[in-house]
J.: 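Right, I'll just put the structure down here and ask away after.
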Amino acid sequence: MAAIVVRIRRIPRGSVQTYGGIDPEAPRLVGRVLATTHQDLPWHRVVRADGSLSQGQRQRELLIEEGVPMRGDRVDMKLARRKHFSGCT
DNA sequence: GTGATGACGGAAA
DNA sequence: CTTTCCGCCATCA
């Protein structure tokens, strides 16, 4: 599980990663880790596979603040997965 | 030991 | 595009 924490820490600022993207074999664990781990993890950079947010408005703003490309109420995964993208909000 | 739950995912309708 | 259903691993009652 420590690996999961590490991977979450490695998510570049301005981009996001999905639960399954962090651990394809245990996306539920990733969620449990984020819920139980009290370290300073970039939890807001972890979104669902379809780009929908799990922590509501709160997470939304943090992502926008980091310049994560959004599409309505969800994250634009095509762009958000990479660190450099052409579009801007 | 079994059964239910959750910051989920993918397929099917 | 939406809703339903089943599978996933670890934890809890």
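The structure presented is a predicted model; accordingly, all values stated were derived computationally and were not measured. Protein chains get the first letters and strands the later ones, always in sequence-line order, with residue 1 at the start of each.
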J.: Please report the shortest heavy-atom distance between Pro69(A) and Ala80(A), naming the atom on each side.
T.: CG-N, 3.6 Å

J.: Tell me: CE of Met1(A) to C1' of dG6(B), nearest whole Å?
T.: 14 Å

J.: As an exercise, state the distance from CG of Asp73(A) to CD of Gln57(A), rounded to the nearest 0.5 Å.
T.: 7.5 Å

J.: Testing Leu62(A), Leu34(A), Ile8(A) one by one against Pro42(A) for a side-chain contact (heavy atoms from CB on, under 4.5 Å), which residue passes?
T.: Ile8(A)

J.: Rounded to whole Å, how long is the line connecting atom CE of Met77(A) with atom P of dC8(B)?
T.: 14 Å

J.: How close or far is atom P of dG6(B) from atom CG of Asp23(A), stated in whole angstroms?
T.: 20 Å

J.: Search all heavy atoms of Leu53(A) against all heavy atoms of Met70(A) and return the closest pair with its distance.
T.: CD1-CE, 4.3 Å

J.: How far does CD of Gln17(A) sit from CG of Asp23(A), to the nearest 0.5 angstrom?
T.: 11.0 Å

J.: For Asp50(A) and Met77(A), work out which heavy atoms get closest and say how close.
T.: C-CG, 4.3 Å

J.: Nearest-Å distance, CD1 (Ile22(A)) to P (dC8(B))?
T.: 12 Å

J.: Check every strand shown and say whether Glu25(A) touches a base, only sugar-phosphate, or nothing at a heavy-atom separation below 4.0 Å.
T.: sugar-phosphate

J.: Side chains of His44(A) and Glu66(A): is there a donor and an acceptor less than 3.5 Å apart?
T.: yes

J.: Take atom CG of Leu62(A) and atom C1' of dA7(B), then tell me their distance rounded to the nearest Å.
T.: 14 Å

J.: Give Arg48(A) one of three labels, base, sugar-phosphate or nothing, depending on what nucleic acid heavy atoms sit under 4.0 Å from its own.
T.: sugar-phosphate

J.: With a 4.5 Å cut-off on side-chain heavy atoms, are Val47(A) and Gln59(A) touching?
T.: yes

J.: Identify the 5'-most and 3'-most nucleotides of DNA chain C with at least one atom closer than 4.0 Å to a non-hydrogen atom of chain A.
T.: dC1(C) to dT11(C)

J.: From the options dG10(B), dA7(B), dG6(B), select the nucleotide whose nearest atom is closest to the side chain of Tyr19(A).
T.: dA7(B)

J.: Tell me: CZ of Arg45(A) to C1' of dA7(B), nearest whole Å?
T.: 16 Å

J.: Can you pull out the residues from residues 29-42 of chain A that lie within a 4.0 Å heavy-atom distance of DNA chain C?
T.: Leu29(A), Arg32(A)

J.: Set out, in order, the CA-CA distance, both residues' side-chain angles and the distance that settles side chain to side chain contact (heavy atoms under 4.5 Å, CB included) for Arg32(A) and Met1(A), then state yes or no.
T.: CA-CA 10 Å; Arg32(A) 206 187 72 70; Met1(A) 298 213 324; 4.0 Å; yes

